[in-house]
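Have a look at the structure below before the remarks.
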Amino acid sequence: MARYVFITGGVVSSLGKGLASAALGALLQARGFTVRLRKLDPYLNVDPGTMSPFEHGEVFVTDDGAETDLDLGHYERFTGVPARRTDSISSGRIYMNVLEKERRGDYLGKTIQVIPHVTNEIKDFLSVGDGETDFMLCEIGGTVGDIEGLPFFEAIRQFAHERPRGQCIFMHLTLLPWLAASGELKTKPTQHSVKELRAIGIAPDVLVCRSEQPIPDKERAKIALFCNVRPEAVIPAYDLRSIYEAPLAYHKVGLDQAVLDAFGIAPAPRPDMRRWEDVMDRLENAEGQVRVAIIGKYTQLEDAYKSIKEALTHGGMANRVGVHVEWIDAEIFEREDPAPYLQGIHAILVPGGFGERGTEGKIRAAAWARERKIPYLGICLGMQMAVVEAARNLAGLPDAGSEEFDHEAGAKRFTPVVYHLKEWVQGNHRVERRPGDDKGGTMRLGAYSATLADGSRAAEVYGGTKIEERHRHRYEVDIAFREKLEEAGLRFSGMSPDGRLPEIVEHAGHPWFIGVQFHPELKSKPFAPHPLFADFIRAAVETSRLV
Ligand code: GLN
């Protein structure tokens, strides 16, 4: 049976609950334990798949094809444990399950209520895979007191109550605001937040207090006394230079020790922090900096490209250089010459996206990178636009485009070199889509393997010819145009195992131009940078030496 840590937040949102959870996971691993992290989100969307990136940041995709909250990305980046569909749940999904059971008659005519039906559904979710790991860390989204979150809080209270004593603990994150006028840290919001938790039957074992100022011992003792938490379990959390400092920083202030103490695990196994020391060494002792432009649509909200941003940082760590990201709205290139914006840029990345807006700008960015021999990494839509660019400008198909944009506009304007796929093979079975299928989850989602051509740049970068990467898209490059495009110099260097779906394209004769139909950024980790990102940054370093 796993030991459970429930992580909740109070006072305000955005305190870094996800990061604290991920860092705790990394610290328990450093002491030799196995961990799995889970996210419970109170919102009513069934999953974040249909939420705008402006609203919710990036959608993180798991190997088994779930569209999840970006916190699962943090979990993976810190622990290296691949997240699963069963590691993410929302109120919407819980209610949907309950209502489906009700319709099927599974409740035998009973009145369906939040307690016990909804809370039971949540507890069943928490129990999945219970026997597989030493620790299960479950983060509850939102803050204590939110109406939507109540069933989750009630469910974790019951869950802990039903398990043997000492099997579950509660960790609560709060904020200590600093009042500059009186020069004081205020503990009252924390006291209130804990009071709120205790009112619903949850007594925190560990309190993590975010603060911009050092927390004096006197205040720590006061929090401990008023909140009924041991003084050693009041953990200060200060602002960090980098998120990757979190494991070392939390270790230094005793978070992992406090958690192990709360479980009564003594003596605690000694931690091996070398992985994180190396990560920080690479970050802090980087020499020089490369400038990478991300030409996207959601550039006002960096969280929309969270994993890409992190993967670029990892690529920098692999080469011991800093990576400066220049965010450029693709639409600008539809009105203006890219040159002044891309002057002094060492590499260009065009990320994934949906819809036509900004795509002509992305195509111009791809042309610019190809012509000027600037390293280019196109991800998903960024690959599709690189193919359109080559079709239009090299293969004599001036009307080349994606069927996605014609569907959106309800008009036929393009030669569809990228078309809507309605049937494909995943593992041993066939998946089919009809045009009228509802939006949620109707994509090629999750891990698919690909075969790389011998002697291609892709095979060289990966150091092999068999790969597996995560997908999230509806449209595919059409192999009907393969011959024409290859003659024009765009090599199809990675294909699905059945040879039908292009997975990687590259321009021969260009120092570094690769488009991938999948999302390599989702699998990159600070301690294991993704090979594509590591090599992309290496190429950027080379460009920086030339310009
Ligand atoms: N909109 C494109 C498709 O659905 C690309 C998706 C993406 O970039 N994730 O195929």
Side-chain angles (χ1 to χ4, degrees), residues 47-54 56-63 65-68 70 73 294-299 301 303-309 311 330 348-363 365-366 376-389 391 400-409 414 416-424 426 431 433-435 437-448 450 469-479 481 494 496 500-505 514-523 532:
D47 63 41
T50 48
M51 282 157 104
S52 157
F54 287 124
H56 198 72
E58 127 188 315
V59 173
F60 190 80
V61 182
T62 58
D63 279 333
E67 299 179 275
T68 70
L70 51 72
I294 296 186
I295 321 287
K297 179 159 116 176
Y298 317 107
T299 45
L301 181 72
D303 264 1
Y305 301 114
K306 185 78 198 152
S307 293
I308 290 184
K309 174 88 200 301
I348 291 175
L349 189 151
V350 176
F354 293 85
E356 186 170 8
R357 191 162 66 75
T359 50
E360 290 299 325
K362 292 179 180 179
I363 293 168
Y376 177 94
L377 175 57
I379 294 179
C380 209
L381 187 64
M383 175 240 206
Q384 296 174 353
M385 293 308 100
V387 172
V388 169
E389 192 278 323
S402 168
E403 215 179 350
E404 175 174 9
F405 315 146
D406 274 349
H407 282 165
E408 200 180 28
F414 295 120
V417 293
V418 181
Y419 75 112
H420 190 201
L421 182 77
K422 306 205 179 52
E423 186 195 309
W424 63 87
Q426 181 167 33
V431 188
R433 290 277 173 269
R434 282 169 307 277
D437 280 348
D438 57 350
K439 284 264 186 230
T442 58
M443 285 185 269
R444 187 147 84 93
L445 279 168
Y448 285 84
E469 295 281 4
R470 296 183 194 166
H471 293 62
R472 180 173 185 253
H473 58 110
R474 287 191 184 84
Y475 296 83
E476 302 280 345
V477 172
D478 192 342
I479 42 168
F481 298 93
S496 60
R500 282 182 56 208
L501 306 175
E503 293 279 8
I504 305 182
V505 295
I514 296 183
V516 294
Q517 186 55 78
F518 46 81
H519 291 276
E521 71 275 17
L522 302 178
K523 287 182 40 167
L532 274 172

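For ligands, and for the atoms within them, numbers begin at 1 and follow the listed sequence.
- For atom 6 (C) of ligand 1, the candidate residues are Gly353, Gly378, Gly355, Gly382; the nearest heavy-atom contact is made by Gly353.
- Set against the non-hydrogen atoms of Arg472, the atoms of ligand 1 under 4.0 Å away are 6 (C), 7 (C), 9 (N).
- Residue Tyr475 forms a side-chain hydrogen bond (donor to acceptor under 3.5 Å, both in side chains) with just one option from His407, Glu404, His420, and that option is His407.
- Residue contacts with ligand 1: His519 is included, with a non-hydrogen atom under 4.0 Å away.
- Taking every non-hydrogen atom of Glu404 and a distance limit under 4.0 Å, the qualifying atoms of ligand 1 come out as 1 (N), 2 (C), 3 (C).
- Residues Ile294 and Pro351 meet the side-chain proximity criterion, which asks for heavy atoms closer than 4.5 Å.
- Protein heavy atom nearest atom 7 (C) of ligand 1, with residue, atom name and distance: Cys380 SG, 2.9 Å.
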Dump the intermediate steps for salt bridge (charged side-chain N to carboxylate O under 4.0 Å, His left out) on Arg444 and Glu503, then the final yes or no.
CA-CA 12 Å; Arg444 187 147 84 93; Glu503 293 279 8; 3.4 Å; yes
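- When all heavy atoms of Val388 and Ala400 are compared, the pair lying nearest together is CG1-O, 3.5 Å.
- Using a 4.0 Å cutoff on heavy atoms, Gln384 counts as a contact of ligand 1.
- Between Gln517 and Pro502 the shortest heavy-atom distance is CB-O, 3.8 Å.
- Closest to atom 10 (O) of ligand 1, if we only count protein heavy atoms, is Tyr475 N, 2.8 Å.
- With hydrogens left out, the protein atom closest to atom 4 (O) of ligand 1 is Arg474 N, 2.9 Å, a heavy atom.
- When every heavy atom of Gly446 is checked against every heavy atom of Tyr448, the shortest pair comes out as O-CD1, 3.3 Å.
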